*Asks:* 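I have a structure here, written as structure tokens, and I will follow up with some questions on it.
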Amino acid sequence: MKYPRLRELRGVDFFTTQDVASLLDIEPASARVLCTRYTERGLFIRLKNNLYVLKERWEQNSLQDFFRLSNILQVPSYISLMTALSFYEVTTQVQRDIFESVCVKRSERFEIEGITFNFYKLKRELYFDFLKKDNFFIATKEKAFLDACYLYSFGKYAFDIDAIDLKKLDMARLKKLLKGFPERTKKMVRTLCRI
């Protein structure tokens with residue numbers, strides 16, 4: 001069994017069949033077969049096409065590990081919406097085992113081992129105001145709020161507006177960021193925030 005050698009991959013967030021081929025010094029085709037078999041046996045978890053993680057590594061993931069994984073499942077993307085607002089403690093609404101991101105390609109959902117990764121598409125011109133923190137990309141708290149309002153105003157997202165602590169948002173920054181959003185979103189945000 002090659003698994004003891006493959007445990008060297010415990011320190012990585014994810015790996016590919018090429019990583020397995022290099023580690024074991026085998027052909028890529030053999031590595032693909034091995035990855036399929038180990039996934040069927042529950043030793044590997046398949047994240048998406050040619051992207052795996054050791055089951056034992058998955059079970060030790062921190063919040064930041066799941067954020068990094070979200071960024072990898074769909075590129076480009078950044079953590080936003082209620083996930084970011086919860087991270088910044090701007091909302092009392094806490095989602096368990098759900099990670100929300102925005103992207104520019106397509107809305108998509110991944111369900112992996114009881115964890116849900118939701119990606120919501122934004123227009124490219126609204127894909128801004130995020131930062132890199134601890135090796136993952138996340139919206140600023142004001143942009144996460146605006147992303148949620150934008151999607152909500154078009155009926156593509158639901159969230160409990162009353163759970164948001166608006167006092168934790170910088171209203172001047174919010175007003176500045178709001179300029180690029182559609183009128184429907186602007187109206188909603190101005191009403192909610194009285195700006």
Side-chain angles (χ1 to χ4, degrees), residues 11-14 45 47-48 51 53 57-58 60-154 156-182 185-186 188-189 192-193 195:
V12 299
D13 292 336
F14 61 91
I45 295 171
L47 303 173
K48 67 177 191 176
L51 198 63
V53 66
R57 170 69 172 91
W58 175 268
Q60 298 170 358
N61 274 350
S62 67
L63 181 66
Q64 287 76 11
D65 292 329
F66 284 119
F67 284 2
R68 277 193 296 277
L69 183 55
S70 292
N71 290 165
I72 292 161
L73 287 173
Q74 189 165 151
V75 178
S77 67
Y78 60 83
I79 301 294
S80 190
L81 309 165
M82 294 309 288
T83 302
L85 292 171
S86 178
F87 178 78
Y88 292 123
E89 299 179 351
V90 174
T91 179
T92 57
Q93 189 177 0
V94 178
Q95 298 172 313
R96 301 254 182 244
D97 301 328
I98 297 174
F99 297 92
E100 297 177 325
S101 300
V102 296
C103 59
V104 292
K105 288 184 181 175
R106 65 185 169 277
S107 294
E108 197 166 5
R109 176 187 193 105
F110 293 87
E111 299 218 14
I112 305 167
E113 296 289 309
I115 306 291
T116 302
F117 299 90
N118 288 324
F119 295 87
Y120 296 86
K121 182 181 177 183
L122 288 183
K123 292 181 179 180
R124 189 166 290 279
E125 59 267 22
L126 298 179
Y127 191 84
F128 64 91
D129 205 50
F130 56 94
L131 48 99
K132 189 171 186 178
K133 182 178 180 64
D134 298 327
N135 289 322
F136 60 86
F137 294 100
I138 187 167
T140 63
K141 58 187 174 181
E142 290 80 15
K143 183 59 165 52
F145 175 71
L146 288 177
D147 288 346
C149 289
Y150 167 72
L151 292 168
Y152 181 87
S153 70
F154 284 91
K156 296 179 179 181
Y157 185 71
F159 73 108
D160 183 1
I161 295 169
D162 293 330
I164 306 295
D165 185 351
L166 296 173
K167 293 186 291 289
K168 292 187 175 181
L169 298 174
D170 179 335
M171 291 301 152
R173 182 176 175 75
L174 200 65
K175 192 173 182 178
K176 181 181 175 187
L177 294 174
L178 188 59
K179 290 178 182 173
F181 282 83
T185 307
K186 288 179 184 176
M188 178 186 166
V189 172
L192 285 173
C193 301
I195 56 173

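Excluded from the calculations below are hydrogen atoms, water molecules and symmetry mates; all remaining heavy atoms, backbone and side chain alike, are included. Fair warning: this is a prediction, and the values are worked out from it, not measured in the lab.
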*Asks:* Using a 4.5 Å cut-off on heavy atoms from C-beta on, say whether the side chain of Phe145 contacts that of Val90.
*Replies:*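 SC-SC contact between Val90 and Phe145 ruled out.
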*Asks:* Once you round to the nearest 0.5 Å, how far does CZ of Phe117 lie from CD of Glu108?
*Replies:*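 If I round to the nearest 0.5 Å, the distance is 12.5 Å.
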*Asks:* Please name the pair of heavy atoms, one in Asn71 and one in Phe136, separated by the smallest distance, quoted to 0.1 Å.
*Replies:*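 So the minimum-distance heavy-atom pair works out to OD1-CA, 3.2 Å.
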*Asks:* Nearest 0.5 Å, what's the NZ-NZ distance between Lys105 and Lys121?
*Replies:*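 Reported to 0.5 Å precision, the distance equals 11.5 Å.
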*Asks:* Examine Phe66 together with Trp58 and report whether their ring centres are nearer than 6.0 Å.
*Replies:*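 Centroid separation for Phe66 and Trp58: below 6.0 Å.
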*Asks:* Looking at side-chain heavy atoms only, is the closest gap between Met188 and Tyr152 below 4.5 Å?
*Replies:*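 Sidechains of Tyr152 and Met188: in contact.
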*Asks:* Is the Lys NZ or Arg CZ of Lys143 less than 6.0 Å from the centre of Phe130's six-membered ring, within 45° of the axis?
*Replies:*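 Ring-cation test returns no.
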*Asks:* Using modelled atom types only, decide if a donor and an acceptor are shared between the side chain of Lys175 and the backbone of Ile195 within a distance under 3.5 Å.
*Replies:*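 Such a contact is absent between Lys175 side chain and Ile195 backbone.
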*Asks:* Taking the side chain as every heavy atom from C-beta outward, state whether Lys123 and Tyr150 have any atom pair closer than 4.5 Å.
*Replies:*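 A side-chain contact under 4.5 Å exists here.
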*Asks:* Rounded at 0.5 Å granularity, tell me how far CG in Asp129 sits from CG in Leu177.
*Replies:*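 If I round to the nearest 0.5 Å, the distance is 4.5 Å.
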*Asks:* So, for Asp170 and Glu142, which heavy atoms are closest and what is the spacing to 0.1 Å?
*Replies:*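 Residues Asp170 and Glu142, closest heavy atoms: N-OE2, 3.0 Å.
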*Asks:* Closest heavy-atom contact between Leu166 and Cys193?
*Replies:*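 Closest approach of Leu166 to Cys193, heavy atoms only: CD2-SG, 4.1 Å.
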*Asks:* Work out which heavy atom in Ile79 is nearest to a heavy atom in Ser70; give both atom names and the distance.
*Replies:*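 Smallest interatomic distance, heavy atoms only, reads CD1-CB, 3.6 Å.
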*Asks:* Could you tell me whether the side chain of Thr140 reaches within less than 4.5 Å of the side chain of Arg173, counting heavy atoms only?
*Replies:*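 The answer is yes; the side chains approach within 4.5 Å.
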*Asks:* Side chains of Ile115 and Phe99: closer than 4.5 Å at any heavy-atom pair?
*Replies:*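 Heavy-atom side-chain distance check passes, below 4.5 Å.
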*Asks:* Determine which pairs satisfy side chain to side chain donor-acceptor pair (under 3.5 Å) with at least one residue from residues 88-104, sequence neighbours left out, and list them in order.
*Replies:*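 Every side chain to side chain donor-acceptor pair (under 3.5 Å) pair that includes a residue of residues 88-104, provided the two are not neighbours, is Gln95-Glu100, Glu100-Tyr157.
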*Asks:* Which heavy atom of Cys149 sits nearest a heavy atom of Val189, and at what distance?
*Replies:*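 Heavy-atom minimum between the residues: CB-CG2, 3.8 Å.
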*Asks:* Taking the basic N atoms (NZ, or NE/NH1/NH2) and the acidic carboxylate oxygens, is any pair closer than 4.0 Å for Arg57 and Asp65?
*Replies:*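 Salt bridge flag = yes for Asp65 with Arg57.
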*Asks:* Taking all atoms of both residues into account, what is the closest heavy-atom pair of Ile112 and Leu47, and its distance?
*Replies:*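 Looking at all heavy atoms of both residues, the shortest contact is CD1-O, 3.6 Å.
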*Asks:* First locate atom OG of Ser80, then atom CG of Asn118, and finally report the distance between them rounded to the nearest 0.5 Å.
*Replies:*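 With rounding to 0.5 Å, OG (Ser80) is 12.5 Å from CG (Asn118).
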*Asks:* Rounded to the nearest 0.5 Å, how far apart are CG of Leu151 and CG of Leu122?
*Replies:*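 Answer for the CG-CG pair, Leu151 versus Leu122, is 5.5 Å.
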*Asks:* CE of Met171 to CG of Leu178: how many Å apart, nearest 0.5 Å?
*Replies:*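 One finds 11.0 Å between CE of Met171 and CG of Leu178.
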*Asks:* Check whether more than 12 heavy atoms from other residues, nucleotides or ligands sit under 6.0 Å from atom NZ of Lys176, and answer yes or no.
*Replies:*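 Atom NZ in Lys176 is not packed in, count stays at 12 or less.
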*Asks:* Mind checking whether Phe154 and Thr185 have side chains closer than 4.5 Å, heavy atoms only?
*Replies:*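 With C-beta onward as the side chain, the pair touches.
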*Asks:* Which of these, Phe137, Tyr127, Phe87, sits in a ring pair (Phe, Tyr, Trp, His ring centres under 6.0 Å) with Tyr78?
*Replies:*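 Going through the options one by one, the only one that passes is Tyr127.
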*Asks:* Does any non-hydrogen side-chain atom of Leu69 lie less than 4.5 Å from one of Asp13?
*Replies:*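 Counting from C-beta outward, Asp13 and Leu69 never come under 4.5 Å.
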*Asks:* Given side chains that start at C-beta, do those of Phe119 and Val102 come closer than 4.5 Å, heavy atoms only?
*Replies:*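 No - every pair of side-chain heavy atoms lies 4.5 Å or more apart.
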